[in-house]
Amino acid sequence: MHKIIVTGGAGYIGSHTVVSLINSGFEPIVVDDFSNSQRDSIKRIEKIVGQSIRFYEANTADINSFERVFAENEQIAGIIHFAAFKAVKESVDKPLMYYKNNLVSLLNCIELSEKYKVKNLVFSSSATVYGNPAELPVSEQTPTQRPSSPYGNTKKIGEEILEDYCKANPDFNAIILRYFNPIGAHVSGLIGELPNGVPNNLMPFITQTAYGLREKLSVFGNDYDTADGTALRDYVHVEDVADAHVLTLQRLVDKKNTENYEFYNLGTGKGTSVIEIIAAFEKVNDLKLNFTFEPRRAGDVPELFASTKKANEILKFKSKKSLEDMASSAWKWEKRFRDAQKNSK
Ligand code: NAD
Ligand code: WQD
């Protein structure tokens, strides 16, 4: 069984990926410091998979605390590196905190891989590296741009660090996955997205509004040059994103990668507007959402969606879940989580 270190494995995408890894016969070793997740997330993953998982509470930006994971586990087949801070707005106010956590954590992954002879790494990047692209859909050939936030820039710089390192170290393999907009939750409703404080992202804001935690959703901008005037994004189900990591690791452990540095878009290939998301959410969950139109949010691009050709042809990745699946699972998770919180009080 291939042992895989999963940094940030208690978080949103990480927890779903740990489930997919176990279901596909990999042995994840989760590393998290719970800076943006709950201890309970580990228990909930265990409930889904029906087995206990190996877990370390450690800070990946602190090499001494992180090294224990490598020292105590032999023959690590690869690392999936999710651990990072990800709040765009916070990164504008606290750039040092973002550069330090996100870049030092990545550097530590590389340094410890070198020391413990781990040959494969999957890195969580973001569609934000494309900035505001001139052409849509964005393919992997679309030039990257300097992202508008320090958070986004940690992803662009992270990719560049790996590219340079791979060039100098031909026996080390990295695959970069550029996620578009992962939303939704595990079909069980046991794990899902749980942002700290007021959500920045659309779907958690919708589910929290539906639950009554927020008074209303502000739709940022209805004067874009799109069919209904609201911005388009490529929303992709988090379970599909999780499965893509399994395909990516399989490619690495089977040594099928043709280059030692590869990068792929992870999306559905379809642009969906904010209004379409709201409509799908209301319909599939049979409820009404309170929302108003507000001015555009600074830094937002009008449209961003992926060409999925490369991931489809090479990784054999194809998203399977619909917008309705995303909207219903996100609501199932939010409702279940909040109801349980209420009942435990
Ligand atoms: P998340 O915050 O839910 O998960 C990240 C996890 O990493 C959390 O559990 C957090 O506690 C942990 N973590 C952070 N810093 C750490 C450190 N120094 N040491 C140990 N653990 C640490 O975020 P997510 O949505 O699951 O995102 C996972 C990755 O994907 C991140 O790198 C993020 O930047 C990237 N990404 C996310 C999205 C998205 O929309 N969710 C889009 C593009 C890229
Ligand atoms: C989606 C759409 C908003 C909230 C960000 C990061 C990106 C990646 C994914 C991490 C936009 C609109 C939102 C709200 C709204 N993250 N919206 N009201 O901005 O595409 O991408 O998350 O790596 O790097 O930049 O996602 O969910 O914030 O917004 O109208 O309360 O929903 O304007 O059009 P975004 P989002």
Side-chain angles (χ1 to χ4, degrees), residues 6-17 30-39 41-42 56-62 65-66 69 80-89 91 97-98 100-102 104-106 108-109 123-130 147-149 151-152 154-155 158 177-183 191-196 198-206 208-209 214 216-222 224 226 230-236 238 241-242 245 266-267 271-275 277-278 291-305:
V6 184
T7 74
Y12 174 45
I13 305 174
S15 58
H16 291 82
T17 302
V30 172
V31 186
D32 208 296
D33 66 356
F34 301 116
S35 50
N36 197 38
S37 51
Q38 291 196 319
R39 276 189 173 71
S41 151
I42 304 292
Y56 286 82
E57 182 165 353
N59 175 359
T60 52
D62 169 2
S65 119
F66 191 16
V69 185
I80 307 182
H81 181 45
F82 290 108
F85 293 150
K86 64 161 184 179
V88 173
K89 198 169 163 290
S91 79
M97 181 175 132
Y98 272 71
K100 205 166 167 189
N101 190 43
N102 294 6
V104 174
S105 291
L106 173 63
N108 287 344
C109 283
F123 177 62
S124 297
S125 189
S126 166
T128 189
V129 300
Y130 294 114
S148 57
S149 71
Y151 161 72
T154 67
K155 295 300 173 189
L177 298 177
R178 293 174 177 161
Y179 316 146
F180 278 63
N181 290 60
I183 60 168
I191 52 173
E193 190 167 10
L194 191 60
N196 271 333
V198 182
N200 290 301
N201 295 111
L202 179 63
M203 188 51 95
F205 210 106
I206 289 179
Q208 290 195 11
T209 305
R214 312 277 154 212
K216 67 170 179 74
L217 169 78
S218 299
V219 174
F220 299 132
N222 62 343
Y224 286 109
T226 59
T230 63
L232 302 187
R233 293 289 182 277
D234 189 335
Y235 299 95
V236 53
V238 67
V241 173
H245 288 77
L266 287 189
T272 302
S273 75
V274 179
I275 285 297
I277 289 273
I278 295 172
F291 70 90
T292 54
F293 292 115
E294 303 294 338
R296 295 180 182 192
R297 183 172 69 176
D300 272 355
V301 298
E303 299 179 48
L304 196 62
F305 50 93

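Values below: all heavy atoms of this structure, side chains included; hydrogens, waters and symmetry mates excluded. For reference, positions follow the sequence shown, starting with 1. Both counts, for ligands and for their atoms, begin at 1 and track the order of listing.
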Check: How far is atom 7 (C) of ligand 2 from its nearest protein heavy atom, and which residue and atom is that?
Finding: Ser126 OG, 3.8 Å
Next item on the list: Going by the side-chain contact (heavy atoms from CB on, under 4.5 Å) test, name the single residue among Pro195, Pro199, Ser218 that passes it with Phe205.
Entry: Pro199
Note to self: Using a 4.0 Å cut-off to any heavy atom of Val88, which atoms of ligand 2 qualify?
What the structure shows: 6 (C), 25 (O)
Next item on the list: Enumerate the atoms of ligand 2 whose separation from the nearest heavy atom of Tyr151 is less than 4.0 angstrom.
Entry: 10 (C), 23 (O), 24 (O)
Check: What do you reckon, does Ser218 put a non-hydrogen atom under 4.0 Å from ligand 2?
Finding: yes
Notebook entry, point to check: Where is the nearest protein heavy atom to atom 5 (C) of ligand 2: which residue, which atom, and how far?
Noted result: Asn201 ND2, 3.7 Å
Check: When you measure from atom 13 (C) of ligand 2 to each heavy atom in Leu202, Val274, Val301, Leu232, which option holds the nearest one?
Finding: Leu202
Next item on the list: Among Asp33, Leu106, Asn59, find the residue that satisfies the side-chain contact (heavy atoms from CB on, under 4.5 Å) test when tested with Asn101.
Entry: Asn59
Notebook entry, point to check: Which ligand 2 atoms does Ala231 reach within 4.0 Å, using its non-hydrogen atoms?
Noted result: 34 (O)
Next item on the list: Could you name the option among Met203, Glu303, Arg233 that has the heavy atom nearest to atom 11 (C) of ligand 2?
Entry: Arg233
Notebook entry, point to check: How close does the nearest protein non-hydrogen atom get to atom 2 (C) of ligand 2, and which residue and atom is it?
Noted result: Tyr235 OH, 3.4 Å
Checklist line | Under 4.0 Å to a heavy atom of Asn200 - the qualifying atoms of ligand 2, by number | finding: 4 (C), 28 (O)
Next item on the list: Could you grab the distance from atom CG of Leu177 to atom NE2 of His81, nearest 0.5 Å is fine?
Entry: 13.0 Å
Check: Does Thr7 use its side chain to pair, donor to acceptor, with the backbone of Ala83 at less than 3.5 Å?
Finding: yes
Notebook entry, point to check: Which atoms of ligand 2 have any heavy atom of Asp300 under 4.0 Å away?
Noted result: 3 (C), 11 (C), 19 (O), 33 (O)
Checklist line | Parallel, tilted or perpendicular: ring planes of Phe82 versus Tyr179, cut at 30 and 60 degrees | finding: tilted
Checklist line | Nearest neighbour in protein (non-hydrogen) for atom 28 (O) of ligand 2 | finding: Arg297 NH2, 2.9 Å
Check: Should Leu217 be counted as touching ligand 2, given the test is an N or O pair under 3.5 Å?
Finding: no
Checklist line | Proximity flag Tyr224 to ligand 2, non-hydrogen atoms under 4.0 Å | finding: no
Note to self: Tell me whether Ser91 contacts the main-chain N or O of Val88 through its side chain, where contact means a donor paired with an acceptor under 3.5 Å.
What the structure shows: yes
Using a 3.5 Å cut-off on N/O to N/O, what pairs does ligand 1 make with the protein? A line per pair would be great.
{"from": "ligand 1", "atom 1": "2 (O)", "to": "Asn36", "atom 2": "ND2", "distance (Å)": "2.7"}
{"from": "ligand 1", "atom 1": "3 (O)", "to": "Tyr12", "atom 2": "N", "distance (Å)": "2.8"}
{"from": "ligand 1", "atom 1": "9 (O)", "to": "Gly11", "atom 2": "N", "distance (Å)": "3.2"}
{"from": "ligand 1", "atom 1": "9 (O)", "to": "Asp32", "atom 2": "OD1", "distance (Å)": "3.2"}
{"from": "ligand 1", "atom 1": "9 (O)", "to": "Asp32", "atom 2": "OD2", "distance (Å)": "2.7"}
{"from": "ligand 1", "atom 1": "9 (O)", "to": "Ser37", "atom 2": "OG", "distance (Å)": "2.7"}
{"from": "ligand 1", "atom 1": "11 (O)", "to": "Asp32", "atom 2": "OD1", "distance (Å)": "2.7"}
{"from": "ligand 1", "atom 1": "11 (O)", "to": "Ser35", "atom 2": "N", "distance (Å)": "3.1"}
{"from": "ligand 1", "atom 1": "11 (O)", "to": "Ser35", "atom 2": "OG", "distance (Å)": "3.4"}
{"from": "ligand 1", "atom 1": "11 (O)", "to": "Asn36", "atom 2": "N", "distance (Å)": "2.8"}
{"from": "ligand 1", "atom 1": "11 (O)", "to": "Ser37", "atom 2": "OG", "distance (Å)": "3.3"}
{"from": "ligand 1", "atom 1": "15 (N)", "to": "Asn101", "atom 2": "ND2", "distance (Å)": "3.1"}
{"from": "ligand 1", "atom 1": "18 (N)", "to": "Asn59", "atom 2": "OD1", "distance (Å)": "2.8"}
{"from": "ligand 1", "atom 1": "18 (N)", "to": "Thr60", "atom 2": "OG1", "distance (Å)": "3.3"}
{"from": "ligand 1", "atom 1": "18 (N)", "to": "Asn101", "atom 2": "OD1", "distance (Å)": "2.7"}
{"from": "ligand 1", "atom 1": "19 (N)", "to": "Thr60", "atom 2": "N", "distance (Å)": "2.9"}
{"from": "ligand 1", "atom 1": "19 (N)", "to": "Thr60", "atom 2": "OG1", "distance (Å)": "3.1"}
{"from": "ligand 1", "atom 1": "21 (N)", "to": "Asp33", "atom 2": "N", "distance (Å)": "3.2"}
{"from": "ligand 1", "atom 1": "21 (N)", "to": "Asp33", "atom 2": "OD1", "distance (Å)": "3.1"}
{"from": "ligand 1", "atom 1": "25 (O)", "to": "Lys86", "atom 2": "NZ", "distance (Å)": "2.8"}
{"from": "ligand 1", "atom 1": "26 (O)", "to": "Tyr12", "atom 2": "N", "distance (Å)": "3.2"}
{"from": "ligand 1", "atom 1": "26 (O)", "to": "Ile13", "atom 2": "N", "distance (Å)": "2.7"}
{"from": "ligand 1", "atom 1": "32 (O)", "to": "Phe82", "atom 2": "O", "distance (Å)": "2.8"}
{"from": "ligand 1", "atom 1": "32 (O)", "to": "Lys155", "atom 2": "NZ", "distance (Å)": "2.8"}
{"from": "ligand 1", "atom 1": "34 (O)", "to": "Tyr151", "atom 2": "OH", "distance (Å)": "2.6"}
{"from": "ligand 1", "atom 1": "34 (O)", "to": "Lys155", "atom 2": "NZ", "distance (Å)": "3.1"}

Margin query: I'd like to check Tyr224 versus Arg296 (side-chain heavy atoms, cut-off strictly below 4.5 Å). Are they in contact?
Written below: yes
Next item on the list: Write out the residue and atom name of the closest protein heavy atom to atom 14 (C) of ligand 2, then the distance separating them to 0.1 Å.
Entry: Phe220 CE1, 3.3 Å
Note to self: Determine whether a donor-acceptor pair (N or O, by modelled atom type, separation under 3.5 Å) exists between the side chain of Asn36 and the backbone of Phe85.
What the structure shows: no
Check: Quick one: which ligand 2 atoms are inside 4.0 Å of a heavy atom on Val219?
Finding: 30 (O)
Item checked: Contacting atoms of ligand 2, where contact means under 4.0 angstrom from a heavy atom of Asn181 -> 20 (O), 21 (O), 26 (O), 35 (P)
Checklist line | For Thr128, atoms of ligand 2 separated by under 4.0 Å from a heavy atom | finding: 24 (O)
Margin query: If we ignore hydrogens and angles and just use 3.5 Å, is the side chain of Lys155 paired with the main-chain N or O of Ser124 as donor and acceptor?
Written below: yes
Checklist line | Tyr98 side chain vs Ala87 backbone, donor-acceptor pair below 3.5 Å | finding: yes
